[in-house]
Amino acid sequence: MKSAVITFPGSNCDRDMDVALKKFGFKNKMVWHQEVELPKSDLVVLPGGFSYGDYLRCGSMASKSKIMQSVINFANSGGMVMGICNGFQILVETGLVPGVLLRNKYLEFICKNVFVKIRDKNNAYFKNIKNNVLELHIAHNEGNYFCTNDQLKEIEDNAQIAINYCDNQGKIEKSFNPNGSIKNIAGIFNKEKNVLGMMPHPERMIEPSLSGEDGSLFFKNLINNIK
Amino acid sequence: MKISVIITLKKDVLDPQGKVIHQALDGMGFNDVEEVRQGKYFEINTKETNPKKAKDEVEEMCKKLLANLVIENYKIIDAQ
């Protein structure tokens, strides 16, 4: 399986993602944002970080960079595109997934482990993961997911919510919502479910001795599900 | 030609920064303030000399980059 991680000026989780993808068997290539064409890939990842210093709105400048037209075409032709953290912010700015990510409700940068509940397993990202709840890491200032009421209805009708913030039992309640996201949303799909944007960082939970293993579950599963 | 744009958050979008600024103002004794909403302001210098064309172009800029229409409104306030 081949993957590509896009590096923007200000990306800082691109190499972590490279390590994670390789650890679980992907042949990964790093792609600079000024490239025009993607290498042949089964999965494209927009990594976390602070692309363009979060100027204007987080992800907005990166969403207009040269490589993104190829990423958008790849996604529109059914290719798997995953945006983590800042990558999620870039995805919403391209319009590949609906909504926006606002400043965290309590104006704090949040850096901690959280539990998320997998809401939909009818997709290549979460299919065959036995667990319903994963412990993952978040680190963001703008992760407060927001969308219009019409968009929310559409997202819910199409089962586009991928993961919600919850407790370790999978209970989705306001008190487990770290950033004010509508309906505790931590990650969403596009309609076709080949594009996933999420705030948590699975690439930070792949070393049992350092962090945890729930990220490993995610990547092991991912490489088996990509056709 | 110089054109100015103001970007504001839509009414139903939470503005925690505006809220904190409001609280600070209140603490400083500006007790008549009912609400503060924070926004963005741009000055764009363009070679275009036709005001209508320049304004149309800036409107495109707002739609494509300067504003995110899910949460923000834009207002082109000045063409001179």
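Letters A, B, ... mirror the listed sequences (proteins, then strands); counts begin at 1.
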Undergrad: Using a 6.0 Å cut-off, check whether atom NZ of A:Lys66 has over 12 heavy atoms from anything other than its own residue.
TA: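 At most 12 heavy atoms, drawn from other residues, nucleotides or ligands, come within 6.0 Å of this atom.
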Undergrad: If you count the non-hydrogen atoms of other residues, nucleotides and ligands that lie under 6.0 Å from CG in B:Asn31, is the total more than 12?
TA: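 More than 12 heavy atoms, drawn from other residues, nucleotides or ligands, come within 6.0 Å of this atom.
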Undergrad: Side chain, backbone, both or neither: which part of B:Lys64 has a non-hydrogen atom closer than 4.5 Å to chain A?
TA: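 Contact with chain A involves the backbone of B:Lys64 alone.
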Undergrad: Of the backbone (N, CA, C, O) and the side chain (C-beta and beyond), which part of A:Lys105 lies under 4.5 Å from a heavy atom of chain B, both, or neither?
TA: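 It is both, since atoms from each part get that close.
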Undergrad: Atom OG in A:Ser63, atom CG in B:Asn68: separation rounded to 0.5 Å?
TA: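 Between atom OG of A:Ser63 and atom CG of B:Asn68 there are 9.0 Å.
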Undergrad: For atom CD of B:Glu57, decide whether the heavy atoms of other residues, nucleotides or ligands shown that lie under 6.0 angstrom number more than 12.
TA: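 Result for CD/B:Glu57: open.
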Undergrad: Would A:Gln151 and B:Val70 satisfy side chain to side chain contact (heavy atoms under 4.5 Å, CB included), going step by step from the backbone distance to the final call?
TA: CA-CA 10 Å; A:Gln151 282 176 321; B:Val70 178; 3.7 Å; yes
Undergrad: Working to the nearest 0.5 angstrom, can you tell me the gap between A:Leu102 CG and B:Asp15 CG?
TA: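 The CG atom of A:Leu102 sits 9.5 Å away from the CG atom of B:Asp15.
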Undergrad: Tell me, side chain or backbone of B:Gln17 under 4.5 Å from chain A's heavy atoms, or both, or neither?
TA: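 Looking at B:Gln17, backbone and side chain both touch chain A.
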Undergrad: Should the heavy atoms of other residues, nucleotides or ligands under 6.0 Å from CD of A:Glu37 be counted, would the total exceed 12?
TA: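 It does not: A:Glu37 CD has 12 such atoms or fewer within range.
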Undergrad: Give a yes or no on whether B:Lys19 atom NZ has more than 12 heavy-atom contacts from other residues, nucleotides or ligands under 6.0 Å away.
TA: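 No, the 6.0 Å shell around NZ holds no more than 12 heavy atoms from other groups.
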Undergrad: Take a 6.0 Å sphere around NZ of A:Lys29 and say whether it holds more than 12 heavy atoms from other residues, nucleotides or ligands.
TA: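 No, NZ of A:Lys29 has 12 or fewer neighbouring heavy atoms, counting only those of other groups under 6.0 Å.
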Undergrad: Determine whether a donor-acceptor pair (N or O, by modelled atom type, separation under 3.5 Å) exists between the side chain of A:Arg57 and the backbone of B:Leu65.
TA: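 Yes; judged by distance alone, with no hydrogens or angles, the pair exists.
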Undergrad: Roughly how far, to the nearest 0.5 Å, is the CG atom of B:Leu9 from the CZ atom of A:Phe146?
TA: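 Interatomic distance, A:Phe146 CZ to B:Leu9 CG, rounded to 0.5 Å: 9.0 Å.
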Undergrad: Atom CD1 of B:Ile71 and atom OG1 of A:Thr148: how far apart are they, to the nearest 0.5 Å?
TA: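 One finds 12.0 Å between CD1 of B:Ile71 and OG1 of A:Thr148.
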Undergrad: Atom CG of residue position B:Asp32 - does it have more than 12 heavy atoms of other residues, nucleotides or ligands inside 6.0 Å?
TA: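 Incorrect, the count does not exceed 12.
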Undergrad: Check whether A:Leu56 gets within reach of chain B through its side chain, its backbone, both or neither, counting any heavy atom under 4.5 Å.
TA: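 Answer is both: backbone and side chain atoms of A:Leu56 are under 4.5 Å from chain B.
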